[in-house]
Amino acid sequence: MLMKDLFELTEIADEYLKSDKTVEISIINSIKDIVFNNGYFGIAQINTIAGDLEYNSKKIAKYIRFASAVGLEAVVFPEFALNGFPIGDVVKRHGVLLSDTKKWLKEIAEFAGNTVALVGFMEQSGDSSKYYNSVAVLRYGQVQRIIRKQVISNTSRYNDNKYQVADISDDDLYCGYGITIGDEIFSDKQILQLVYNKRPKLFINCALNTYADSRKILRANCYSYFASKYKKPFIYVNQTGANDNILFDGTSRVYDASGNLIARAKYCEEQFLIVNPTGGEGKIYPLPDGYDIGLRDNEEFSLYYGDLERIYKSLVTGVKDYFSKCGFKRAVLGLSGGLDSTVCAVILADALGKENVFGVSMPSHITSKESKTDAEQLANNLGIGFAEAPIWEMVETTALSLNGLFTNVEKKWNVRYKNPYTPDNIQARSRAMFLWGISNEFESCVPIATSDKSEAYMGYATINGDMSGGFAPIADITKTKLFALAKWINKNRPQKDVIPQSVIDKRPGAELAIDPKTGKPLKAEDALMPYEFLDEIIWRIENKHQCYNELLNTVFVYEKRNNISKVQKQEWLDKFYRRMSTAFYKWSIMPPFVMVEPHSINSCDYTQPITTSHINYKGADVKYINSCLGSNSGA
């Protein structure tokens, strides 16, 4: 019963710590009666802003002050907690960031009394272009020791080798804590040195890890293994929240000396935990459904997505943090009545508040009555702002002006397309003009790009049109997963069935052109291929690294449900590679979007030259190579 009281009290104190309010003295005293001088640690899973030393320092000082007030033995912060991360080349161009870090750190130390505070920060090294990845040990109002990362990864997605330099001072033990920083925990040499040379009473790992890190499950297993093998408790503290494209998942953990998980913080939420590693006391908060899905190489593609709760929480966190950390407050987006803009609107409303989201229906002469109705119904269900702004006058005026220009260009360039996409793109860019106009007219407002990952792979989006915006919430999610997410939202969101069922039931289409075969607006799958088939190609390339011929000879889930010929399959694969190879330049100018999947086309995770459109994805046999090279019998 006593422990339950402690964890309930900690949750109450945590709400105060995340607000501008001071923790009530009665709560502090109640916690102090339980934990004072009894070997309890504080886990400060915080959400930082990259480069904002003032914001981060105030937060850290507040947590240290509380930890000292209740009498914790120590409070542990994540890697780079003081500076925030990622910081990129800023530290190289603006040295004030590192020089000021020392000043803030010294003042923060004033709040550390008898409680030890471990704070991750960036420290200038002897090389002015690089820095140490360090943890400061604060106690009795002073920086008592600095521990530096000794093993720098050469496989990090953050380019650790470019920015960080290792320090081999062999100074990683304080008060019996064996302290490691980030992924150096995977270094056998580092662990063995700690265990056999230093004999720590427990391990502490100050870290900075994302959900999309493929070693996520390995990390958790390693912590448990180290604790059980060396009979020492293990504390792992991770950052949470999103900075630009990167999402830090939190889920800080504590293991007892037998390797049993005794405490775990929430996913993608700032949180303060109080634990007793030696006494085995802590609280385990649940992970979202599907947390471990997507990282097992042997799993097969399936349309039954089990990680939708995680996706939803990740997208909401990504939007919320991007807007708040950039100083934005409001979002405006086009509501087409289609799936993509619908899911975006829900995510935005939940992240920013319905009063800060405005949806605009921008019909053309092609737009169906159902699309306009669905858009308005969604806006009413969500309680967001809504207006209808027809685009046909702008489209007609723009087309008229362009046709005169095209006539003059054609006199010089006699290579005009017979069936150009110009009319389609004029519509998309006219809509973007309306959204950017609202953004320019109303303060702290950002227009939203609603493109998804399936469209991005196919280049099925218009630059300065539906790709245009300050943020792209769903750019890391495929179309079939968005359909599943829409159904999940209707079932699990506090307000049920917010998405009109007609949106989920209709076949996706941009309603930019008429299909000559049907006389109706062209559907996306008719222009591309069935999304179930398309998304499995993407999944197999990203997860299995399968090549063209392997894909051709693999039985897709879609094929099990539908009878298609090998010729049809080959046509779809040819179209996929043809369109993908010309879409790379669109990837390069995609607005920022948070990565929520283990594999992404985000440049933070995947880089590819734009000028690789001539890759032969089918592969070449020796006969073909020889025919290209010609005979070697003479010059």
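What's counted below: heavy atoms across the whole structure, side chains too, no hydrogens, waters or symmetry copies.
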S.K.: Can you tell me which residue among Thr240, Asn238, Asn209 is in a side chain to side chain donor-acceptor pair (under 3.5 Å) with Asp249?
M.R.: Asn238
S.K.: With sequence neighbours excluded, tell me which residues meet side-chain contact (heavy atoms from CB on, under 4.5 Å) with Ala265.
M.R.: Gln45, Ser252, Gln271, Leu273
S.K.: Side-chain contact, heavy-atom cut-off 4.5 Å: Leu485 with Leu315?
M.R.: yes
S.K.: Using the test salt bridge (charged side-chain N to carboxylate O under 4.0 Å, His left out), find all partners of Lys320 that sit at least two apart in sequence or belong to another chain.
M.R.: none
S.K.: Under the salt bridge (charged side-chain N to carboxylate O under 4.0 Å, His left out) test, which residues partner Asp476, sequence neighbours left out?
M.R.: none
S.K.: Does the gap between the ring centers of Phe80 and Phe121 come in under 6.0 Å?
M.R.: no
S.K.: Can Thr612 and Gln608 be said to form a side chain to side chain donor-acceptor pair (under 3.5 Å), step by step?
M.R.: CA-CA 8 Å; Thr612 55; Gln608 176 165 342; 3.0 Å; yes
S.K.: What pairs with Phe36 under ring pair (Phe, Tyr, Trp, His ring centres under 6.0 Å), at least two apart in sequence or on another chain?
M.R.: none
S.K.: Report the C-alpha distance between Lys481 and Asp307 in whole Å, list the side-chain angles of each, state the deciding distance to 0.1 Å, and finish with yes or no for salt bridge (Lys or Arg N to Asp or Glu O under 4.0 Å).
M.R.: CA-CA 10 Å; Lys481 196 162 197 174; Asp307 60 342; 2.9 Å; yes
S.K.: Using the rule ring-ring contact (aromatic ring centres under 6.0 Å, His included), only one of Phe234, Phe203, Phe41 pairs with Tyr177; which is it?
M.R.: Phe41
S.K.: Could you give me the CA-CA distance, side-chain angles and deciding distance for Glu281 and Tyr40, then say whether side chain to side chain donor-acceptor pair (under 3.5 Å) is met?
M.R.: CA-CA 9 Å; Glu281 299 166 4; Tyr40 285 87; 2.3 Å; yes
S.K.: How far does CG of Asp350 sit from CG of Leu348, to the nearest 0.5 angstrom?
M.R.: 9.0 Å
S.K.: If you apply the rule salt bridge (Lys or Arg N to Asp or Glu O under 4.0 Å), what do you find for Glu73 with Arg139, and how did you get there?
M.R.: CA-CA 11 Å; Glu73 179 177 327; Arg139 198 177 191 189; over 6 Å; no
S.K.: Just to verify, what does Phe593 make a ring pair (Phe, Tyr, Trp, His ring centres under 6.0 Å) with, not counting sequence neighbours?
M.R.: none
S.K.: Do the two ring centres, one from Phe66 and one from Phe272, sit under 6.0 Å apart?
M.R.: yes
S.K.: Given 3.5 Å as the limit, does a donor-acceptor pair link the side chain of Ser258 with the main chain of Asn260, or not?
M.R.: no
S.K.: Minimum heavy-atom separation for Ala81 to Ile46, with atom names?
M.R.: CB-CD1, 4.1 Å
S.K.: Donor-acceptor check, side chain of Asn37 to backbone of Gly71, threshold 3.5 angstrom: yes or no?
M.R.: no
S.K.: Counting only heavy atoms not in Tyr140, do more than 12 sit closer than 6.0 Å to its OH atom?
M.R.: yes
S.K.: Mind checking salt bridge (charged side-chain N to carboxylate O under 4.0 Å, His left out) for Asp244 and listing every partner two or more places apart, or none if nothing turns up?
M.R.: none
S.K.: How about Tyr305 and Thr480: does a side-chain donor come under 3.5 Å of a side-chain acceptor?
M.R.: yes
S.K.: Is it true that Arg93 and Asp89 have a side-chain N and a carboxylate O under 4.0 angstrom from each other?
M.R.: no
S.K.: Where is the tightest heavy-atom contact between Met590 and Ala475, given as atom of each residue plus distance?
M.R.: SD-CB, 4.3 Å
S.K.: State whether Glu107 and Lys103 are salt-bridged, where the test is any N-O pair (Lys NZ or Arg NE/NH1/NH2 against Asp/Glu carboxylate O) under 4.0 Å.
M.R.: no
S.K.: How long is the span from the CG atom in Leu118 to the SG atom in Cys175, to the nearest 0.5 Å?
M.R.: 9.0 Å
S.K.: How far apart are the C-alpha atoms of Asn47 and Gln239, what are their side-chain angles, what is the distance that settles it, and do they pass the side chain to side chain donor-acceptor pair (under 3.5 Å) test?
M.R.: CA-CA 6 Å; Asn47 186 349; Gln239 181 174 308; 5.2 Å; no
S.K.: Please report the C-alpha distance between Ser454 and Asp535 in whole Å, then the side-chain angles of each, then the deciding distance to 0.1 Å, and finally whether the side chain to side chain donor-acceptor pair (under 3.5 Å) criterion is met.
M.R.: CA-CA 7 Å; Ser454 302; Asp535 289 353; 2.5 Å; yes
S.K.: Taking all non-hydrogen atoms of both residues into account, name the closest pair between Val35 and Val70 and its distance.
M.R.: CG2-O, 3.2 Å
S.K.: Could you go through the side-chain contact (heavy atoms from CB on, under 4.5 Å) check for Ile64 and Ile108 one step at a time?
M.R.: CA-CA 8 Å; Ile64 293 176; Ile108 290 172; 3.6 Å; yes
S.K.: For side-chain contact (heavy atoms from CB on, under 4.5 Å), just list the numbers for Ile204 and Thr180, CA-CA rounded to whole Å, side-chain angles, deciding distance to a tenth of an Å, and then say yes or no.
M.R.: CA-CA 6 Å; Ile204 295 177; Thr180 56; over 6 Å; no
S.K.: Say you draw a straight line from OH of Tyr132 to CD of Glu123; how long is it, rounded to the nearest 0.5 Å?
M.R.: 7.0 Å
S.K.: Less than 6.0 angstrom separating the ring centers of Tyr457 and Phe584, yes or no?
M.R.: no
S.K.: Strictly below 4.0 Å, N to O, side chains only: are Asp183 and Lys149 in salt-bridge contact?
M.R.: yes
S.K.: Give a yes or no on whether a salt bridge exists between Arg148 and Glu184, defined as a side-chain N under 4.0 angstrom from a carboxylate O.
M.R.: no
S.K.: Would you find more than 12 non-hydrogen atoms of other residues, nucleotides or ligands less than 6.0 Å from Lys32 atom NZ?
M.R.: no
S.K.: Could you tell me the separation between the OG1 atom of Thr10 and the CG atom of Asp5, rounded to the nearest 0.5 Å?
M.R.: 10.5 Å
S.K.: What distance separates Cys268 SG from Tyr312 OH, expressed to the nearest 0.5 Å?
M.R.: 13.0 Å
S.K.: For the residue pair Glu309 / Tyr267, report whether a side-chain donor-acceptor contact shorter than 3.5 Å exists.
M.R.: no
S.K.: State, to 0.1 Å, how close Ser57 and Leu82 come at their nearest heavy-atom pair, and which atoms those are.
M.R.: OG-CD1, 3.0 Å
S.K.: Any chance you could measure Leu308, atom CG, to Trp488, atom CH2, to the nearest 0.5 Å?
M.R.: 7.5 Å
S.K.: Hey, mind stepping through Val137 and Ile146 against side-chain contact (heavy atoms from CB on, under 4.5 Å) and telling me if it holds?
M.R.: CA-CA 6 Å; Val137 180; Ile146 290 177; over 6 Å; no
S.K.: If you compare all heavy atoms of Ala44 against all heavy atoms of Pro78, which two are closest, and at what distance to 0.1 Å?
M.R.: O-CD, 3.3 Å
S.K.: Side-chain contact, heavy-atom cut-off 4.5 Å: Lys130 with Met122?
M.R.: no
S.K.: Is there side-chain contact between Val594 and Asn245, with at least one heavy-atom pair below 4.5 Å?
M.R.: no
S.K.: Between Tyr236 and Arg253, is there a cation-pi geometry (under 6.0 Å to ring centre, at most 45° from the normal)?
M.R.: no
S.K.: Just so I know, are the side chains of Lys62 and Phe111 near enough to count as touching, which here means a heavy-atom distance under 4.5 Å?
M.R.: no
S.K.: Is there a side-chain contact (heavy atoms from CB on, under 4.5 Å) between Lys544 and Trp539? Walk through the geometry before answering.
M.R.: CA-CA 8 Å; Lys544 299 288 190 179; Trp539 186 90; 3.7 Å; yes
S.K.: Is the shortest distance from a Lys or Arg side-chain nitrogen in Glu270 or Lys59 to a carboxylate oxygen in the other one below 4.0 Å?
M.R.: yes
S.K.: Shortest non-hydrogen contact from Pro591 to Ala449?
M.R.: CG-CB, 3.9 Å
S.K.: Can you check whether Val316 reaches Ile347 side chain to side chain, under 4.5 Å on heavy atoms?
M.R.: yes
